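Working notes for the structure below.
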Amino acid sequence: MAEAVVSVVLESVRDFTIQEAKFLSGVSRQVEAAQTELEFMQGFLKDADARQGQDTRVQICVAKIRDAAYDLEDIIETYGLKVDSKKKKRGLKNVLKRFACIFKEGVDVHRIGAEIENITTKISALRSNLQSYNIKEIRDRDSGGGEPSLQLLERLRRTYSHVVERDVVGLESNVEELVMHLVKDKNRHRVVSIWGMGGLGKTTLARQLYHHKKVRQHFHSFAWVCVSQRFQVRNVWERILIELTSATKEPKQEIKDMTDDEIAKKLFLFLQEMRCLVILDDIWRTEAWNLLEIAFPNVETESTILLTTRNQAVASLPNRNAYRHQLQPLNENESWELLEKKTISENADIDLGMYTKKRELGMNMLRHCKGLPLAIIVLAGILARKNTVREWERVHENVREYIRKGTGHEEEYQGASWVLALSYDDLPYYLKPCFLYLGHYPEDCIISVSTLTKLWVAEGLIFSRQQRHSLGETMEDIARDWLSELVERCLVQVGTSGSTGTIKGCRIHDLVRDMCLLRAKEESFLQIKYSLQENTSSMAAEATQLGKIRRLGIYLDKNADMLVSSRDETNGHVRSLLFFGLREWIPKSEKGLLSSLKDFKVLRVLKVEGLRARRVELPSEIGNMVHLRFLSVRRSEIKTFPPSLGNLVCMQTLDFRVSSYIDMVIPNVIKKMKQLGHLYLPWNYRVKGKLELSTLGHLQTLHNLSSEYCDLKDVGRLTNLRKLKIRVLGSLQNLEEILKSTGNTLNRIRSLIVKNDTNSGEEQAMQIVSSCRGIYKLTLDGPIAELPKELHNYPNLTKLVLWSCGLKEDQMGILEKLPNLTNLKLFEKPFEEHTKILVFSGGGFPSLEFLLVSRMDQITELRVEKGAMPRLCRLCIQFCSGLTTLPDGMRYLINLKELTIRWMCRELHRRIEEDGEDFYKIQHVPSLVIGEPLD
């Protein structure tokens, strides 16, 4: 991954030198020379990364290159920020002090210049070493991670058509569906794709189709080719043509003697005239398909190309005659059936007690496989040799390691990690650090995409490779695109999605996480630490990585004595410090709990969320951590906002949404953080005077803006603001005039939350809403009797949340006429308290797709008239204790795909059971999620 590190560092140094050129004038020559040397080095790193596993010398050299690049970036940025800080303070010094300062700066410049030159010399020597190890220079860097380190991997992964697996489980419906698409005569598909993560059984499914009786009867000729990552187009065409024509010795030679154009044309015509099935197994990249398909007919033909891939982009190539099939993991019963077939012989004489115990142990172990057939087969290969229950129990005790590593050299019984690692090896250089960053997160964790993208940006892992940033696209937008690419490559799974299909939460399979952590350790990218105690040995002593540790994920439990060790010499190199488990951890002593953070001199990311310690304060020394770009103390009980935070001029994301009971005093220093993109203020805070925010020109998100302690005129200068949460705490003077002056900025806002805390603020809250006509999402919280009458003219409004508004009943008429509204959430008395019946009129809510009704205890009846909500596909009703029956009009919602009912009265739950009197109203809904009733 040195290629990724050097590329990221080079991009970072370029950006920093452009933005802060005036502060690097004394060392500009040395910085320029270092950049040039990094550019020379780039070309050698693809080959070096791929060959680390073959040559220890290369591995050591690559680790030294990574460290040198990181150290260079730290030195340049530290020096630039230090000079910037001094120049701002210099106006306060007298002439003598100024002369002494200039002399000292001259010494600093010489020292820093010498350090940069030393690192540049080291990088140059390391490049010479790589060349002496026969490392090749490769300039095609965007083609992906490329070749695995051992050719053995490709030989092991090579597949053959004649192999038919025994004990195939869970593919019956997949085979049936795909056979139907392969053999149909009308509207046939020219290309059929099977895609999914490594180890799901794509090749097994393809073999089942290849040998299926109906398929063999339908097609006249067959070819099976495993497309390796280093394939040659001509070789693939040759093999297909030889297999299709069943060529003997002389025709084979004739094919081999053809030119590339001749062989492509002959294959094209053969596929066009005959009815052929060609299976291309394991295609990794779209480029591979684009090269191969030149020889495949793009006209009406009875031939079909079936391909398997881990990459959704390959499976989704634009083709009007294509069919895409996504393979899913096995369910719990299928997983046990596969394990049982592989481990317990049908003829074995096994008593019921032993079988029951083995089944119990097996089901527990299968939880670690998460339905992945590869992992189940690896586990089965281990258990097949274990006959006693005690032997199964021993495997059970260390099941994760057994699955990851396997036991033997046979392909079938090797560990799962090496197969999954092929997907990592194939990643483009820029995606590798983004993927490894996911290793910070605990197992089975749903990762917030909004937070993850901000972390990636703060770490400098995201950069604009195609000048998209200059076209108005933010770094977070690019980060989301890169995450989508990881999802398409089946390394990341979608956890939760928004109503428009955007990824809100993501996760990684347990075995993919194991592989991720293994690679992160090999690359010295990340280290996970558990339950720090006073007598634990230092991280440096425990670390087996080659190179300095740059990122720490710290998992705390009740046994932990401290957050982080202050005695560890590695702290000075750490860039990322993420804590997990703080909500369950109660510190034994709160004294100096956060003081050890001052040792992390080059820290860019600090995430201390959920810390329960009522007397803990952020140390003032945090202001010395000038590299800090991401700081979150969300849901913590931290009471202070040190004035020294104003020194953190690189800050991009500042999240101070501490526990709501804390009343925090905020000094007027946030205005110095001119790179700030996302600001989350506390729920309760006070400021001496007004909090100045007008200098924050990069700000995109502003959360908990207080009408009492912030000047709304400042919002007008925040031209990049897209998300705003404003808290109306009292009467605002000259609001109409202020809103007119900020109109252009307010119209750019896409998401608006207005929290009205007083009855007198209702009119002004609506004035704010009326000034934000470009919003896509609107949340209204607190007393608001009437909505703006022009709301139906908001062209982009698709999402609306109403919380404790107390709207008049006639306001439903405004809501149901919103032409583009797709998502509506109603919480806690959105309408007047005496409202007992909620009516959805015929023709109302023409575009609504999702409706949530929650905590509306006063409602005793829901009415859905014919023609209401014609596009509704998801409906959730919860915590509405007054409802005893569902509306008869539910049967009119013919597009409803998912209905969730939970925490309702027992009478309603009884009525919607399969034999209940209301079941007929919802029996047409494909997915019914019925939760627990209220006690």
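What you see is a predicted model, and the numbers here were worked out from it, not measured in a lab.
Between K454 and E476, no side-chain nitrogen of the basic residue sits less than 4.0 Å from a carboxylate oxygen of the acidic one, so the salt-bridge criterion is not met. A salt bridge links E917 to R911: one of the charged nitrogens lies within less than 4.0 Å of a carboxylate oxygen.
Judged as a ring pair (Phe, Tyr, Trp, His ring centres under 6.0 Å), and not counting sequence neighbours, F630 has no contacts. For Y680, the ring pair (Phe, Tyr, Trp, His ring centres under 6.0 Å) partners at least two apart in sequence or on another chain are H703. The ring pair (Phe, Tyr, Trp, His ring centres under 6.0 Å) search around H440 returns Y437, not counting sequence neighbours.
The only member of R507, K370, R513 that meets salt bridge (charged side-chain N to carboxylate O under 4.0 Å, His left out) when paired with D444 is K370.
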Practice task
List the steps, then state whether side-chain contact (heavy atoms from CB on, under 4.5 Å) holds for I901 with I922.
Solution key: CA-CA 11 Å; I901 304 287; I922 60 173; over 6 Å; no
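Applying the ring-ring contact (aromatic ring centres under 6.0 Å, His included) test to pairs two or more places apart or on separate chains, none has a residue in residues 769-799. Legend: ring-ring contact (aromatic ring centres under 6.0 Å, His included) pairs involving residues 809-830, not counting sequence neighbours, sorted by first then second residue: W803-F827.
With hydrogens and angles disregarded, a donor-acceptor distance shorter than 3.5 Å links the side chain of K897 to the backbone of N895.
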For residues 875-890, run the donor-acceptor check on the side chains, cut-off 3.5 Å, and write out each pair with its distance to 0.1 Å, sequence neighbours left out.
unit_1, atom_1, unit_2, atom_2, d
Q878, OE1, R902, NE, 2.9
Q878, OE1, R902, NH2, 3.2
Q878, NE2, S854, OG, 3.2
S881, OG, D857, OD1, 3.2
T885, OG1, D918, OD2, 2.5
T885, OG1, K921, NZ, 3.4
D888, OD1, R891, NE, 3.4
D888, OD1, Y920, OH, 2.7
D888, OD2, R891, NE, 3.1
D888, OD2, R891, NH2, 2.9

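Between the side chains of H368 and D510, not a single donor N or O lies within less than 3.5 Å of an accepting N or O.
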